[in-house]
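Working notes, beginning with the structure itself.
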Amino acid sequence: MDLAAVEESGLLPAGRSPMVSAVFEADQAIADARRLALSFLADLQAIHGLAVPERVTGQVELVVSELATNARKYAPGPYSLVLEARDGAVEVSVWDSEPALPVVPATDPHRIGQHGLEIVMALCRSFEMHREPVGKRIKASVALGADWGTGVGPHLG
C-alpha cells in the first residue's frame, strides 16, 4: 500500500505523515539510532500498512548510520534524528550543533575511508544540507518504491 492509500484508509489522519524523532547524546551508541530507524520501518508496515522492501530497510539503516556517525564524530554535544514517511520516501534528517557543512570529496577509489556521504548520496533520491541558526541539518530521502534513487551524488562502482 502506498502513503496516499494509507491516508485514505483511515490508518493515518489526512495530511499527517508517519514520523518519529529522538535526541541522542554525544556518547550514545550509533546502534541506538539504527534501532530507532528499524523500529520506525517496522511500524510503517505493521501499523500503517506501508510496504517497505528489504532493500529500503537496508538503505535507510545505512543512511542513518552514516549521518549519525558523522554528527557524533564531528559535532560537539547531542544530535537529533527525524524519520518521516512522505512523498513515497523515507526522509532522514539529522541535526547537530556544528555549523560547518561537510565537504564531500571527489570520488577516489584509492582513498581509504571518508566515503560515507558518497554512499549516502548514491543511495538517495534527494540529499541536502544547510546551516540553521544553531548548527546544521542534513536531509536524505530514500524512495520506498522502484524509483529508488536518482543518484544525486557521486555513484559508486
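This is a predicted model, so every value here is computed, not measured.
Nearest heavy atom pair, residue Gly116 against residue Glu66, reads CA-OE1, 3.2 Å. Among all heavy-atom pairs drawn from Ala22 and Leu36, the shortest one is CB-CD2, 3.7 Å. Across Gly77 and Ala26, no two heavy atoms sit closer than the pair O-CB, 3.4 Å. Taking both residues in full, the closest heavy atoms of Ala140 and Phe127 are given as CB-CD1, 4.2 Å, listed atom of the first, atom of the second, then distance. The heavy-atom pair separating Cys124 from Val142 by the smallest distance is SG-CG2, 3.9 Å. The shortest non-hydrogen separation linking Leu144 to Arg55 is O-NH2, 3.8 Å.
Distance check: Asn70 CG to Glu98 CD gives 12.0 Å after rounding to the nearest 0.5 Å. Atom CZ in Arg125 sits 12.0 Å away from atom CD in Gln59 (nearest 0.5 Å). Taken to the nearest 0.5 Å, the OG atom of Ser80 stands 8.5 Å off from the CG atom of Asp96. With rounding to the nearest 0.5 Å, the separation of OG in Ser126 from CD in Glu91 is 6.5 Å. Note that OG1 of Thr69 is 7.5 Å distant from OH of Tyr79, once rounded to the nearest 0.5 Å. Here the NZ-OG distance, from Lys139 to Ser93, works out to 5.5 Å after rounding to the nearest 0.5 Å.
Note on residues 25-38: pairs passing salt bridge (charged side-chain N to carboxylate O under 4.0 Å, His left out), not counting sequence neighbours, are Asp32-Arg35.
Here the side chains of Phe24 and Leu81 are in contact, with some heavy-atom distance below 4.5 Å. Side chains of Pro18 and Leu83 form no contact here, defined as non-hydrogen atoms less than 4.5 Å apart. Val82 has its side chain out of reach of Trp95: every pair of non-hydrogen atoms, C-beta onward, lies at least 4.5 Å apart. Side-chain contact between Met129 and Lys136 is absent, with no heavy atoms from C-beta onward closer than 4.5 Å. Residues Leu50 and Gln45 fail the side-chain proximity criterion, which asks for heavy atoms closer than 4.5 Å. With contacts defined as side-chain heavy-atom distances shorter than 4.5 Å, the pair Val103/Leu117 does not qualify. Side chains of Glu118 and Arg111 form a contact here, defined as non-hydrogen atoms less than 4.5 Å apart. The closest side-chain heavy-atom distance from Val104 to Met121 is below 4.5 Å.
Leu101 and Leu67 end up in the same hydrophobic cluster when Ile, Leu, Val, Met, Phe, Trp and Tyr side chains are linked at under 4.5 Å.
Listed by chain and number, the residues in a side-chain contact (heavy atoms from CB on, under 4.5 Å) with Pro133 amount to none (sequence neighbours excluded). In this view, Arg137 and Glu132 satisfy the salt bridge (charged side-chain N to carboxylate O under 4.0 Å, His left out) rule, not counting sequence neighbours.
With hydrogens and angles ignored, the 3.5 Å screen pairs a side-chain donor or acceptor of Asp108 with a backbone N or O of His110. Judged by distance alone, the side chain of Ser97 and the main-chain N or O of Pro76 form a donor-acceptor pair under 3.5 Å.
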